[in-house]
Amino acid sequence: MLTCYTDKTDKSIPIIVVEAENLEVWLDNQSDFLQNITASHGLKAQSGSYCLATNDLGQLHQVILVVDDWEDFWALGQLPKLLPDGVYHLANEYPDTWVSLAVIAWGLESYQYTVFKKSHDHAKQTKLVLPDQCEPNAINHAVKNSFWVRDLINTPAENLGPEELVLAARQLEEQQSADLTIISGEDLLVQRYPLIHAVGRGSARVPQLIDLRWGDTNHPMVTLVGKGVCFDSGGLDIKTAAGMLHMKKDMGGAAHVLALARWMMSVNLPVSLRVLIPAVENSISGWSYRPGDVFSSRAGLSVEIINTDAEGRLILADALAEASSDSPDLLIDFATLTGARHVALGCDLPGFYTNNDDLADELLTASQVQGDPLWRLPLYKPYRSALKSDVADLKHCSDAPVGGGSITAALFLSEFVQASIPWLHIDVGAWNHQNRPGRPKGGEAQGLRAVFELLQQRYG
Ligand code: BES
Ligand code: ZN
Ligand code: ZN
């Protein structure tokens with residue numbers, strides 16, 4: 001069990017959670033003593049307002065926390081860092097859905113990336129007794145795997161290149177007895193992954209294709225594909241300083257599918273799983289690919305390069321073509337694919353695309369259940385004309401100022417997915433730009449719980 005949770009003890013301090021609109025009535029029913037304490041602490045009817053109530057000996061006796069409503073589960077996530085060390089429990093019965101998500105928020109708050117900074121508050125020991133309503137394993141998997149996504153993203157590109165991403169996949173191979181195949185460097189050309197090779201060839205760190213298989217091949221096949229750009233300089237179409245600053249996160253898609261795979265393996269989900277991660281660095285050198293180049297692709301379509309900063313869709317195109325070749329029951333890719341998604345939906349809301357309306361509904365339900373937001377965007381066919389090329393089968397991105405950049409990226413990907421395969425493409429930011437309860441600044445898992453929920457509903 002994660003260190004932020006513990007088993008029942010006699011000495012734990014109760015946390016009482018009150019909905020904002022009920023606070024006044026609730027206070028009316030409390031002792032004068034408690035009313036005075038909450039008043040002197042300025043407890044307010046607003047989300048996150050809290051009060052450490054002491055007894056007449058001045059000892060911490062109970063904690064009162066205000067939430068907006070029973071959808072407001074992040075509010076509990078601020079407490080682990082605010083409360084004094086000790087063991088706490090949720091005092092009363094609250095709705096099951098709130099409890100399980102609030103407990104996850106508590107766990108997610110305890111994350112720190114400590115590799116290069118030793119002065120963090122390591123000693124902080126605020127533990128929560130897991131309520132009976134919660135399934136400890138489910139909570140642990142959710143938190144642990146989100147932490148893995150964050151760790152992988154937060155690791156600087158210097159320390160996590162394509163080869164280190166291979167090592168992360170090796171952990172799954174060894175711990176979960178999966179089968180791992182790696183194709184690297186020039187072998188990518190020999191084995192016909194021209195686009196992965198083209199994007200990765202400018203870096204001293206050779207490109208890799210990670211191909212992991214696990215599970216019983218008689219079970220339905222699920223294939224996960226993750227964008228593994230360990231650093232995105234933009235290539236010859238170099239990014240601005242501000243645009244490049246967080247680009248160690250551009251392997252966020254890979255981090256998501258690795259964590260999802262580990263989660264599926266740990267609960268022995270009855271599926272036949274395949275994970276494909278094209279892992280590259282988008283670098284600048286004399287051997288970088290260039291605007292105007294034309295490359296063949298694994299699917300056979302020729303592709304005209306417009307902007308070397310739109311590298312993600314190229315490596316995904318070859319990976320998706322390979323993924324399609326064994327007609328999986330479900331194909332899901334995660335990618336930090338476009339700045340346009342960020343403009344349209346902001347940091348917290350991944351956009352997803354699918355060729356299957358039922359799948360969209362399933363994902364939206366799962367997203368709701370898990371309090372893990374996702375927003376459907378359209379594979380709007382008329383925008384496909386922006387990808388027409390004079391010299392190749394298609395351009396990989398539009399060169400007209402027509403907007404809709406996340407949509408055209410998704411349309412480009414769709415050219416490499418067999419139409420009969422139910423496919424989800426998730427365009428994520430994978431980054432928190434500010435510190436909030438349960439969501440510290442830095443790398444973030446987004447849509448991970450929702451997609452796991454979907455998989456569990458389908459196959460569990
Ligand atoms: N990795 C970026 C997309 C990105 C940027 C994700 C910021 C999250 C935050 C991607 O490779 C990229 O640079 N895309 C370009 C495409 C454009 C050149 C057509 C973009 O979105 O600006
Ligand atoms: Zn880019
Ligand atoms: Zn990128």
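Note that ligands are numbered from 1 as they come in the structure, with each ligand's atoms numbered from 1 the same way. We're numbering straight along the sequence, starting at 1.
In this structure, Arg341 has no heavy atom closer than 4.0 Å to ligand 1. Close to ligand 1: Glu311, with a non-hydrogen atom less than 4.0 angstrom away.
Taking backbone and side chain together, Asp250 holds no N, O or S atom under 2.8 Å from the Zn ion (ligand 2). The Zn ion (ligand 3) has an N, O or S atom of Glu311 closer than 2.8 Å. Residue contact annotation: Lys227 places an N/O/S atom under 2.8 Å from the Zn ion (ligand 3).
Remark: Arg262 qualifies as a cation-pi partner of Trp148 under the 6.0 Å distance and 45° angle criteria applied to the six-membered ring.
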Margin query: Is there a salt bridge (Lys or Arg N to Asp or Glu O under 4.0 Å) between Arg205 and Glu163? Walk through the geometry before answering.
Written below: CA-CA 8 Å; Arg205 302 202 280 187; Glu163 249 177 75; over 6 Å; no
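Across Ser146, Pro440, Cys4, a single residue satisfies side chain to side chain contact (heavy atoms under 4.5 Å, CB included) together with Leu108, and that is Ser146.
Neither the backbone nor the side chain of His246 comes within 4.0 Å of ligand 1, counting heavy atoms alone. The side chain of Lys227, and not its backbone, has at least one atom closer than 4.0 Å to an atom of ligand 1 (non-hydrogen atoms only; side chain from C-beta on). The parts of Asp309 lying near ligand 1 are both backbone and side chain, judged by heavy-atom distances below 4.0 Å. When non-hydrogen atoms are compared, ligand 1 lies under 4.0 Å from the side chain of Lys239 (C-beta onward) but not from its backbone. Neither the backbone nor the side chain of Asp237 has a heavy atom within less than 4.0 Å of ligand 1. Under 4.0 angstrom from ligand 1, the non-hydrogen atoms of Met247 all belong to its side chain.
Against a heavy-atom cut-off of under 4.0 Å, Asn307 is close to the following atoms of ligand 1: 18 (C). Taking every non-hydrogen atom of Lys249 and a distance limit under 4.0 Å, the qualifying atoms of ligand 1 come out as 8 (C), 9 (C).
Among protein heavy atoms, atom 20 (C) of ligand 1 sits closest to Gly339 N, 3.7 Å. Nearest to atom 1 (N) of ligand 1 among the protein's heavy atoms is Asp250 OD1, 2.8 Å. Protein heavy atom in closest approach to atom 17 (C) of ligand 1: Ala310 CB, 4.3 Å. Looking only at heavy atoms of the protein, atom 10 (C) of ligand 1 is closest to Leu337 O, 3.3 Å. The protein non-hydrogen atom at the shortest distance from atom 2 (C) of ligand 1 is Asp232 OD2, 3.6 Å. Atom 6 (C) of ligand 1 has Thr336 O, 3.7 Å as its closest protein atom, hydrogens excluded (heavy atom only).
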Can you give me every donor-acceptor pair (side chain of residues 220-234, partner residue at least two apart or in another chain, under 3.5 Å) with its distance?
residue, atom, partner, partner atom, Å
Lys227, NZ, Asp250, OD1, 3.1
Lys227, NZ, Asp250, OD2, 3.2
Lys227, NZ, Glu311, OE2, 3.0
Lys227, NZ, Thr336, O, 2.9
Asp232, OD1, Gly234, N, 2.9
Asp232, OD1, Asn282, ND2, 2.9
Ser233, OG, Gly235, N, 3.0
Ser233, OG, Asn282, O, 2.6

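Nearest to the Zn ion (ligand 2), among the N, O or S atoms that Asp232 has, is OD2.
Proximity of a side-chain donor or acceptor of Tyr289 to a complementary backbone N or O of Thr308 within less than 3.5 Å is detected. Checking side-chain atoms of Asn140 against main-chain N and O of Leu2 turns up a donor-acceptor pair under 3.5 Å.
Taking the charged nitrogens against the carboxylate oxygens, Arg274 and Glu322 do have a contact shorter than 4.0 Å, which makes a salt bridge. Between Arg439 and Glu444, no side-chain nitrogen of the basic residue sits less than 4.0 Å from a carboxylate oxygen of the acidic one, so the salt-bridge criterion is not met.
The aromatic rings of His256 and Phe334 sit parallel, their planes meeting at an angle under 30°, below the 60° perpendicular limit. The aromatic rings of Trp98 and Trp70 sit perpendicular, their planes meeting at an angle over 60°, well past the 30° parallel limit. Using cut-offs of 30° and 60° on the angle between ring planes, the pair Phe412 and Phe416 is tilted. Ring geometry for Tyr380 against Tyr383 counts as perpendicular: the plane angle is over 60°, on a 0 to 90° scale with 30° as the lower cut.
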